[in-house]
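Working notes, beginning with the structure itself.
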Amino acid sequence: MNQLNFPLLTLIAFLPVLGAIFIMLMNKEEKTTIRWAALITTFVNFLFSLPLFFCFRDDTAEMQFVEKAVWIKDYGMSYSVGIDGISLLLILLTTFFAPICVVACWKDITDKVKEFMICLLLLETGMVGVFISLDLFLFYVFWEVVLIPMYLLIGVWGNPDRRIYAAIKFFLFTMFGSLLMLVAILFLYFYNHSVTGEYTFSLLKLYELGIPHYYQTWLFLAFFFAFAIKVPMFPFHTWLPDAHTEAPTVGSVLLAAVLLKMGTYGFLRFSMPLFPEASHNFVPLISILAIIGIIYGALVSMVQKDLKRLVAFSSVSHLGFVMLGLFALNMQGLQGGLIQMINHGLSTGALFLLVGMIYERRHTRMIADFGGLSKVMPVFATIFMIVTLSSIGLPGLNGFVGEFLILLGTFKSNVVYAVFAATGVIFAAVYMLWMFQRVMFGEVTHEENKNLKDLSLREVGVLIPVLILIFWIGLYPKTFLSKTETSIKHFLTEFNNKYEMSIQREGKILAENEGIEVSAKR
Amino acid sequence: MLDYVWLVPIFPVIGVLINGLLGHKLSKRLVGFVACSVIFFSFALSVLLFLSLLKLPPEARSFEKIVYTWIATGDFKTNIGFLVDPLSIVMMLVVSGVSFLIHVYSVGYMHDDEGFRRYFTYLNLFVFSMLVLVCSNNFLLMFVGWEGVGLCSYLLIGFWYQRKEPADAGKKAFVVNRIGDYGFLLGMMLIFVTFGTLNFYDVFQSAHHNFHVGNLTITAITLLLFVGATGKSAQIPLYTWLPDAMEGPTPVSALIHAATMVTAGVYMVVRCNVLFTLAPISLTVVAIVGVVTAVFTASIALTANDIKRVLAYSTISQLGYMFLACGVGAYAAGIFHLMTHAFFKALLFLGAGSVMHAMSGELDMRKMGALKSHMPRTYWTFLIATLAIAGIFPFAGFFSKDEILWNAFQQNTILWALGAGAALMTAFYMFRVVFMTFHGESRVDEEVKEHLHESPPVMTNPLIILAILSAVGGFVGIPIIKGANFFHDFLAPVTGGHAVESAKITLTNLAYASGGHASAAEAGHHSIGLEVLMMIVSLAIAGIGIGLAYYMYIKNPSAPKKLAQRFTLLYQLIFNRYFVDEIYDFLFVNPIKRGSTLLWQIFDAKFIDGMINGAGQIVKWSSVGLKRVQTGYVQNYALSILIGVGAIIVYFLYM
């Protein structure tokens, strides 16, 4: 069955559901017990996910830890899961952040704790599910599963003023994309049947399908809307600042760290391998949108007055880098894009955690309400500094590795793109350091800030694991890059082969058509 | 021995970890001790490395130590690896040596500051980054140090972050540096795309073998790298951050913004001399930017009243000299001046710090005067440094500056004339500082006057050591006499020159082969007589500068005011630093800020969200309209059924 002879992926995906059921049976007044139950579930789940990393074979691009079971036979739906280098790190990122989130909201969430934890656990299942699915239908189910708990997190525990607006905006944006994707999935399903005579949603089988150019474009676009909204790419990004700003801290953390990656992952797992020719043709469009996103996100970020909104726009900029890297279509770009997904998760996740900590104390996120915090909260300031530096890609920390590889890959495929994208490096320094200065430096001007408590042991404990990874990836990225290398290499070869074949096929058809025309004239 | 090169940058990291993580539990004494001793270890190890390098024959003086593979994917691979060769060892010695002295000085200077521990943590971190920058064996690791020193500069300029100015200055420094780094980054990528590697040795060797002089790709690479250099080494157009950087503690100004970090650009250009030599256009750009910067900023220093600002503009101007040297192909002369400048400029800043220490933080020279008798050690050491920077024989600056001017003269008389003009101004404004600060009548406030005192030995001893170096440091590079220019000969394997005669191409003598003939400077066609004459001219120019300063600030103190009144417009222009900051604000900073707000408020909020909300509104309106149909009255439904039936009948009857 797989190298462990054990359904490890299923366990990781559904252990949170088990935990959620368990919590459902508990008395909702026993808040501490509920928190502990959630913590234990997520932490054990993290431990379970470690063997994925250590037993992962980085010498093959085959799917690993594969499990397959027939689900609805007549319709060709199967429960089929497995991972390769592309999904491995994202799953770990998910299981890594889940316990951190539980600890982070320990004191923050006091209302409806039980329901909150259930939502969180279901969300984890959905996220892991998205990254392990090898069946398009299963993938779509998980994709939608993620939507509901997140919607509730924002709508119920969010900021009372605008949470409903933000939640609905989030839901509608994503739903709009998902529906187009569903149509495309069904089309693929029936098209495959018309070609092979088999009804199947199996991704690996659909990979083999040579889809004609004409269909590819439309299918690519349908998937594109679903993923581009999720990423979010410019100009589909406007739901993100609202969702981030109104969501509770851990909602923002998971949204930034994992949910956005579902979009970029989608491109890698579905759009590009299924529709190589269309992907190729859309490179200019996507690259230009990505570059606009990088610069636009940075510029708009600069003038934000709300910390969370600032970080949200910086995400638009960072994800622009990721997309640019992926569509550079070479090793450095793809590897950089992949590692940058993780980096963005770590640094932006940590930034939202930090903003959450200060929000808990002051109940405001307005930059103008702070100033001089370095003096009052030195530990907070130090960690904030390190995370800021990671976010702006200081060499030696994680962000640089991704950013550099992406830019290098882009430079190789198109110098002009790289020249424009690299300006993001300058702007990032501007908006992040300016924000840091306004929050941390200067005199303490607000009376309320004078007696702020520095981070507690719990809060430092939440951040330390992230910091370790920030340094680890920065100084020794090989641990992670080597896991993904083979898969990406395979991805690239396959992509190029399929693209070549597709071109040849088109050429042949074109030639035949011409032949017909010529003979008709005769 | 050479195997241990990686320890050179690692020692300061130990200091960072001890003071950064445990500092709050240690006494100030111990913190200072730890910080100084780790730097001392780095220095001692550098000396040992230097000695073992000397034992090797010149063409074999290059050693690479790979520690581990850092980033590798596809055909891209970079190592954490270090390089010991004459150039890097000189830099290591200068950086760790001067750093050590400034660390010791800081123990006294920062003694009463509550950020003492933070200060030394940052300072050690800086030395680490700087050593990585000069020891690395590839561009990417160099970039780690390159950005690292930028970060430390940011942290240390903004050390007193509670005031607005230092925090602003720190941010400005980082951002302007990043603009330069943008060029460096692109240059690095172009190098990789062109050569398939970022390792110095491989790149230079391949460049040497496969590219001709004037190749456009190489020209592009070198120009991009030079953009990075203008940021880090504060050259036109990116110099504006350095004067503001004076908001940091004075020892920081001495270490980072005079002796070491700002010279990184010069080091980088010299390191890449193989590439630059292949790109005459870039060399011309380097020379012109260098000499124009030298003149331009020296002129600003003429009228500044803040002692540290004068020194800051002077630093920019002297860095311009170093680039001028590089631009005319006299790389060794550039590094020579880098070294002597590190000695005397660090000394000048530390002397200024000592003055500030005595004057309760006063920086305005108009409120000083006649300090000579109060602080003799500071005075004498400051004077030595001033003589050195003015280029008076036999102080260190004479040798290095003269070598640059001589090389410039051989290449282009205009370059020489501009350089000599800057030298004149340098001698003038430096002696203006000496006269205004230490001589003449005292203009010190009464309160401050009571506290005037010489600084403690922990501060003056580093001054004395630096004074000795500034006085005799030049003798390692004696001109004219064959074989007496040890410095030049030592660097020759990297920078090109006449010392190496081996035909074997290694990294070390690669430069010789390509660099030797490109610069007429190294060939020495002119007669010794002319060279001696030029020296005398240089000395005379310095003398005139000093004389003018003496006349205007001792003999006839009302002269400056009269002169300023007579040339009001020019004076105002210079006094306001040519309004460059204001122009930059007007052209770049403000439009970007305003434009971004517009983008956000108009494009994001109105346009995109407007479309989304508009779509929502349409759905809402149409449902409001459709709602009317669902009245709940049976007769209405019956009516609509009737209409429907009628419509169908009409359709079938008439269509």
Side-chain angles (χ1 to χ4, degrees), chain A residues 169 172-173 235-239 241 296 299-304 313 330-332 335-336 372 374-375 378 382 385 389 392 394-396 400-401 404-405 407-408 411-412 415 418-419 422-423 425-426 428-430 433-434 436-437 440-444 475-478 481-482 484-485 488-489, chain B residues 20 24 68-76 80 118 129 132 140-141 143-148 150-151 154-155 158 161-164 166-168 170-171 174-175 177-179 181-182 185-186 188-190 192-193 592-601 603-605 607-609 612-613 616:
Chain A
K169 199 171 178 186
L172 287 183
F173 260 84
F236 310 109
H237 64 276
T238 59
W239 64 270
Y296 182 86
L299 287 177
V300 174
S301 193
M302 199 155 64
V303 292
Q304 295 306 312
F313 276 110
N330 54 35
M331 278 309 285
Q332 286 83 26
Q335 279 278 55
S374 251
K375 180 92 186 146
T382 310
M385 180 91 247
L389 295 172
I392 66 177
L394 188 87
F400 176 70
V401 178
F404 180 75
L405 284 177
L407 287 173
L408 189 67
F411 195 96
K412 273 171 86 170
V415 176
V419 168
T423 58
V425 175
I426 304 173
V430 178
L433 290 182
W434 193 32
F436 192 83
Q437 179 188 354
M440 296 297 174
F441 295 160
E443 299 267 3
V444 182
L475 296 172
Y476 197 74
K478 205 177 155 193
L481 288 176
S482 65
T484 57
E485 180 88 4
I488 292 287
K489 202 175 268 172
Chain B
H24 54 285
Y68 66 84
T69 302
W70 181 29
I71 305 178
T73 177
D75 55 354
F76 177 78
I80 299 287
R118 190 162 53 94
S129 310
V132 167
L140 201 64
L141 185 59
F143 191 65
V144 174
W146 188 267
E147 286 252 296
L151 166 71
Y154 163 77
L155 292 171
Y161 56 80
Q162 273 148 301
R163 290 193 295 120
K164 185 171 162 38
D168 277 341
K171 191 191 68 199
F174 197 88
V175 171
N177 265 298
R178 270 258 160 145
I179 297 175
D181 295 352
Y182 169 73
L185 202 60
L186 290 178
M188 206 156 55
M189 292 190 267
L190 190 53
F192 178 73
V193 172
I592 288 181
K593 268 192 197 165
R594 248 178 264 137
S596 306
T597 313
L598 281 182
L599 267 186
W600 172 45
Q601 286 174 346
F603 192 78
D604 232 59
F607 185 68
I608 301 182
D609 270 2
I612 305 298
N613 293 340

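No experiment lies behind these values; they were computed from the predicted model shown. Proteins get letters first, then strands, A, B, ... in listed order; numbering begins at 1 in each.
- Here A/Thr484 pairs with A/Gln335 under the side-chain hydrogen bond (donor to acceptor under 3.5 Å, both in side chains) rule; sequence neighbours left out.
- Ring orientation note: the planes of B/Tyr154 and A/Phe441 are tilted relative to one another, at an angle of 30° to 60°.
- For chain B, the nearby part of A/Met385 is the side chain; its heavy atoms alone come within less than 4.5 Å.
- At a 4.5 Å heavy-atom cutoff, the contact between A/Leu389 and chain B is made by side-chain atoms alone.
- Across A/Phe173, A/Phe404, A/Trp239, the residue that shares the most heavy-atom pairs under 4.5 angstrom with chain B is A/Phe404.
- Between A/Ile392 and B/Phe174 the shortest side-chain heavy-atom distance falls below 4.5 Å.
- No part of A/Leu172 comes within reach of chain B, as not one of its non-hydrogen atoms sits under 4.5 angstrom from that chain.
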Under the side-chain contact (heavy atoms from CB on, under 4.5 Å) rule, what do B/Lys171 and A/Phe436 come out as? Steps first, then yes or no, please. CA-CA 10 Å; B/Lys171 191 191 68 199; A/Phe436 192 83; over 6 Å; no

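- For a residue to count as touching a neighbouring chain, one of its non-hydrogen atoms must lie under 4.5 Å from one of that chain's; by this rule A/Leu433 touches chain B with backbone and side chain alike.
- Residues that satisfy the side-chain hydrogen bond (donor to acceptor under 3.5 Å, both in side chains) test with A/Lys489, not counting sequence neighbours, are absent from this structure.
- Heavy atoms closer than 4.5 Å to chain A are found in both the backbone and the side chain of B/Val144.
- If you measure heavy-atom distances from A/Glu443 to chain B, the contacts under 4.5 Å come from both the backbone and the side chain.
- Interface remark: of the candidates B/Asp181, B/Ile71, B/Val175, B/Ile71 forms the most heavy-atom pairs closer than 4.5 Å to chain A.
- If you tally non-hydrogen atom pairs under 4.5 Å between each of A/Val415, A/Val419, A/Val444 and chain B, the highest count goes to A/Val419.
- Using a 4.5 Å cut-off between heavy atoms, A/Phe400 touches chain B through its side chain atoms alone.
- By the 4.5 Å heavy-atom criterion applied to side chains, A/Gln437 and B/Asp168 are counted as neighbours.
- Taking chain A as the reference chain and counting heavy-atom pairs below 4.5 Å, the highest number among B/Leu155, B/Asn177, B/Val132, B/Leu140 is found for B/Leu140.
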Could you check B/Asp75 against A/Lys412 for side-chain contact (heavy atoms from CB on, under 4.5 Å), going step by step and ending with a plain yes or no? CA-CA 12 Å; B/Asp75 55 354; A/Lys412 273 171 86 170; 3.1 Å; yes

